[in-house]
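Some notes on the structure that comes next.
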Amino acid sequence: MAMTYVQKLLAHACGKPSVAIGDVLEPPVHLAMSHENAALVINQFQEIYAGTGREPNVWNPDRIAIIFDHRVPAESSKTATNQKKVREFVGRQGIRKFHDVRGDVGGICHQVLPENGYVRPGMVVVGTDSHTTTHGALGAFAFGIGATEMAAVWALGRALNVEVPATIRVDVNGAPGPGVYPKDVVLHLIRTLTAEGASYRVLEFHGEAIRTMSTSGRLVLCNMSVEAGATAGVVPPDAETERYLRGHAGVTDALELLAPDPGAEYERVVTIDASRLEPQVACPHAVDNVKPVGEVSGRKVQQVVLGSCTNGRLDDLEVAARILKGRRVADGTRMIVFPASWRIWREAMAKGVLADLAAAGAVVCNPGCGPCLGVHQGALGDGETALATTNRNFKGRMGNPTGEVYLCSSAVAAASAIAGEIVDPRGVL
Amino acid sequence: MATGKVVFTVGADVSTDIIYPGRFMATVLPTETPKFAFADHAEFNKALTSGQVAPGSILVGGLNFGCGSSREQAASCLKGHGLVIVARSFARIFLQNAINVGLSMVICPGIEAEVGDTLEIADGRVVNVTRGGTFAIEPLPRARQAILDAGGLVPYVRRLVLEQPARR
Ligand code: SF4
C-alpha cells in the first residue's frame with residue numbers, strides 16, 4: 001500500500017508493514033512535552049494511581065520534557081507555586097529534559113525542543129500545547145493533547161486511540177519575492193483552508209519553496225498548521241533537516257529519514273505559488289481572516305509584538321533589526337520583543353541585534369511566551385490595537401477582550417512599528 | 001434521554017481563549033476552574049457563578065467549538081457547571097478533553113436553537129421541543145467511545161495501569 005508520510009511513520013513506530021487511514025493505533029510516544037500545565041498533568045497522573053497500590057512513577061523519565069515558558073519569571077504567587085510543584089516532581093522522577101527559568105537553557109518549548117535535538121524525524125511527539133504541531137518541521141508526527149491525556153502517556157508510554165489521519169498535501173512552488181516570508185505563506189494557506197478546513201487532518205508540505213526553506217521557516221509553517229485545525233503539520237525530512245540537527249542541535253546518532261510513497265493517497269492537494277505572494281496580515285478576530293497587507297495598511301497600532309514560538313527566531317530578529325536600525329519606533333506605539341529562547345537571545349546579543357532593536361525604541365524582554373497569551377509583559381489597553389508576529393488573534397488573546405490583534409511577519413511588524421500604522425515592508429527593505 | 005433548556009448560544013470558531021481566558025490558566029484544578037468559565041462574557045459568567053443556571057442546561061455551539069489552545073480548563077470549567085454542549089462540530093483537542101474529563105457533549109451538525117428553547121437529547125438525535133425540528137447526532141470518533149464508556153480517561157487508564165506488571 002502506498003502511504004503518506006504520517007501513515008508510514010505510524011506504521012514504522014508500531015512495527016507494522018502498513019497502516020490505513022482510519023486505523024486505530026496506540027503508538028509508542030518518543031517524546032512527551034509539557035510546560036507550566038504539567039502542574040495539572042501531575043494532578044491527573046496522581047489521580048490515576050489513587051487507590052491502585054502502585055507508585056505513581058512515570059514510564060520513562062528520559063522521554064519527558066518539561067519547559068517553563070508561559071509565565072516566566074512567574075507573574076504571580078500562584079504560578080510560582082505551580083512551578084515549584086513541577087520542579088519537585090521533576091526532581092523526584094529524574095526528568096532531565098527540564099528547562100527551568102534560566103538564561104542558559106530556558107526558552108519557549110517549541111524552540112527548546114528543536115534546538116536541543118530532542119526531536120528527530122520519525123518520532124511520535126505529544127505535547128500539552130496545541131502548537132506541538134511545530135515539531136513536524138523536523139519530520140516528527142507531533143500533536144497537541146490535553147493534560148489528562150498526557151497523564152495517561154506518562155503512565156503508559158503510548159498515545160491512546162490514535163486514528164490514522166487523512167493527509168492534505170500542500171505544494172509550495174516558486175521562490176518568494178523580497179519581503180515575503182514563510183509566515184506569509186502559512187497565513188495565505190490558512191485563508192485558503194479556513195480555520196477548520198484541515199480538522200482531523202495532517203498537512204504535508206512539499207515543493208521547491210519548502211526544499212529551499214530553512215528549518216526556521218519550516219517551524220513557522222508547522223507551528224501554524226493547527227490554526228487551520230490540523231492535527232499535525234509535517235515536512236518530510238531532507239538534507240536541510242539533517243543540516244539543522246547535526247550542525248545546530250548537536251545530534252550525532254543515526255537519523256531515520258522516511259519519505260512518503262509515490263502514489264500515496266491525499267485527500268486534497270493545495271498548490272501555492274510563492275512567487276506571487278504579497279505580505280499577508282490576519283485580521284481580528286480570526287486567524288483565517290487574512291488579507292494582503294495593502295488592504296489594511298494605514299491601520300494605527302499601539303503595540304507591536306515581535307517574538308513567540310512562531311517568529312521569535314534569530315532570522316526574525318535580524319530581519320526586524322535591519323529594518324529598525326537607525327530608525328525609531330513611532331511615538332504612541334510600543335514595540336515589545338521576546339526571543340524564542342535564551343540561546344537565540346544570546347546569539348542576537350552577540351551580533352548586536354538586540355542593541356539595534358533597543359536603540360530604535362523596542363523593549364527587549366526575556367524569552368518566553370510573554371504577551372502572546374495575554375498573561376503578562378504587555379497587555380492591551382481598552383480598545384487598543386496590536387500587530388504581532390504570534391499565531392493567534394482570538395478575541396481576548398492579548399489580555400483584553402476589547403483589544404484587536406493583527407498577525408504578520410517580522411518584516412511587517414518592524415516596518416509598521418516605525419510608521420505607527422500597518423505598512424507594506426517592501427517600501428523600507 | 002435528557003431534556004434541558006438552552007442558556008447560551010455561540011457562533012463558529014469559539015476558541016478556548018473565549019471559554020477560559022489565558023490569564024486564568026494558572027488555575028488548574030477542576031474544582032476551581034468553573035468560576036472563570038466565559039469570564040469575558042460577563043453576563044453569562046455571572047449567571048453561571050451565581051447559580052442561576054441549572055445543571056443539565058445546554059450551551060449551543062457552532063462549527064469548530066473549542067478551537068485553539070489545548071487547555072483542559074476549557075472543558076473542566078463547563079463540566080463544573082453541569083452544562084451540556086451541543087455543537088455543530090468540535091475542535092479535535094477540545095473534543096478529546098471533553099471526553100477525558102466527562103463533559104457531556106453532542107456533535108449535532110444541523111442544530112438550530114435559540115436561548116430559551118427546550119431540547120430533548122435522545123439516542124441519535126436532538127429535538128427542539130420549543131420550535132420543532134429534529135437534528136441528527138453524529139457519533140463520536142469510535143476510538144474514543146471506550147473512554148466515554150469507562151466514565152472518563154482517569155478510570156480508563158487506572159484499569160490499564162493495574163493490568164501492567166508492577167514497575168520498579
Ligand atoms: S508563544 Fe504563544 S503560541 Fe507559542 S507556546 Fe507560548 S503561548 Fe503558545
Side-chain angles (χ1 to χ4, degrees), chain A residues 24 36-37 39-40 43-44 47-55 57 59 70-71 74-76 78-79 81-82 127-130 132 143-149 151-152 155-156 160-163 195-196 199-200 226-227 229 231 286 288 372-376 379 392 394-397 399 401, chain B residues 12-18 21-30 33 39-42 63-64 67-76 89-102 141-147 152-162 164 166-168:
Chain A
V24 178
E36 276 90 337
N37 61 15
L40 179 54
N43 193 72
Q44 300 303 84
E47 198 50 35
I48 288 170
Y49 282 81
T52 60
R54 304 273 177 108
E55 280 297 308
N57 288 323
W59 102 103
H70 273 52
R71 302 145 168 266
E75 91 302 349
S76 67
K78 192 156 201 168
T79 293
T81 305
N82 280 345
T128 47
D129 190 279
S130 55
T132 300
F143 56 100
I145 60 176
T148 304
E149 195 121 353
L156 303 170
L160 293 175
N161 303 342
V162 174
E163 244 177 279
E196 66 148 9
S199 284
Y200 299 88
V226 68
E227 305 309 331
T231 300
D288 60 358
C372 174
L373 78 165
V375 174
H376 67 161
R392 285 199 175 126
F394 303 148
K395 210 173 167 94
R397 176 79 182 177
Chain B
D13 301 325
V14 166
S15 72
T16 53
D17 279 295
I18 294 286
R23 59 187 189 278
F24 304 116
M25 263 169 74
T27 299
V28 296
L29 295 180
T33 56
D40 290 333
H41 286 254
L63 290 170
N64 207 21
C67 62
S69 160
S70 65
R71 67 192 69 154
E72 197 164 289
Q73 291 98 319
S76 74
S89 70
F90 290 89
R92 180 186 64 88
I93 304 176
F94 183 88
L95 181 81
Q96 291 186 190
N97 285 342
I99 294 168
N100 292 347
V101 306
R142 71 196 154 89
R144 295 281 143 185
Q145 191 62 44
I147 296 167
L153 191 60
V154 167
Y156 180 84
V157 178
R158 189 179 289 146
R159 208 175 54 212
L160 294 176
V161 164
L162 285 170
Q164 281 181 340
R167 210 170 26 221
R168 279 183 280 246

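Order of the sequence lines fixes the chain letters, A, B, ..., with proteins taken first and strands second; residue numbering starts at 1 for each chain. Just the heavy atoms: all of them, side chains too, but no hydrogens, waters or symmetry mates, feed the values below. Here the structure is a predicted model, which means the values were calculated and not measured.
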Interchain contact, [X] with chain A, by part (heavy-atom threshold 4.5 Å):
X	result
B:Ile93	side chain
B:Thr16	neither
B:Tyr156	side chain
B:Arg159	neither
B:Asp13	side chain
B:Val14	neither

**Asked** Hey, which of B:Gly22, B:Ala26, B:Ala91, B:Ala75 has the most heavy atom pairs under 4.5 Å with chain A?
**Response**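 The answer is B:Ala26.
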**Request:** Go through B:Leu95, B:Thr27, B:Leu29 and name the one with the most non-hydrogen pairs under 4.5 angstrom from chain A.
**Result:**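 Heavy-atom pair counts peak at B:Thr27.
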**Prompt:** What part of A:Thr231 gets closer than 4.5 Å to chain B, counting heavy atoms only: side chain, backbone, both or neither?
**Reply:**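 Contact with chain B is through both the backbone and side chain of A:Thr231.
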**Side chain, backbone, both or neither of A:His70 within contact of chain B (heavy atoms, under 4.5 Å)** =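 Just its side chain gets close to chain B.
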Top of [options] for chain B proximity - count of heavy-atom pairs under 4.5 angstrom:
options	value
A:Asp129, A:Asn37, A:Thr132, A:Val162	A:Asp129
A:Thr128, A:Thr81, A:Leu40	A:Leu40
A:Gly127, A:Ala147, A:Ala50	A:Ala147
A:Ser76, A:Gly51, A:Ala195, A:Gly396	A:Ala195

Salt bridge check: are [X] and [Y] linked by an N-O gap of less than 4.0 Å?
X	Y	answer
B:Arg144	A:Glu149	yes
B:Arg23	B:Asp17	no
A:Glu36	A:Arg71	no

**Message:** Can you see whether A:Thr79 engages A:Glu75 through a side-chain donor-acceptor pair at a distance of less than 3.5 angstrom?
**Reply:**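 Present: a donor and an acceptor within the cut-off.
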**Prompt:** Do A:Ser130 and B:Ser69 get their side chains close enough for a donor-acceptor pair, meaning under 3.5 Å?
**Reply:**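 The answer is no; no qualifying pair exists.
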Quick one: does [X]'s side chain get under 4.5 Å of [Y]'s, heavy atoms only?
X	Y	answer
A:Thr148	B:Val154	yes
A:Cys372	A:Arg397	yes
B:Asn100	B:Ile147	yes

**Asked** Which pair of non-hydrogen atoms, one from A:Leu160 and one from A:Ala152, has the smallest distance, and what is that distance?
**Response**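 Looking at all heavy atoms of both residues, the shortest contact is CD1-CB, 4.0 Å.
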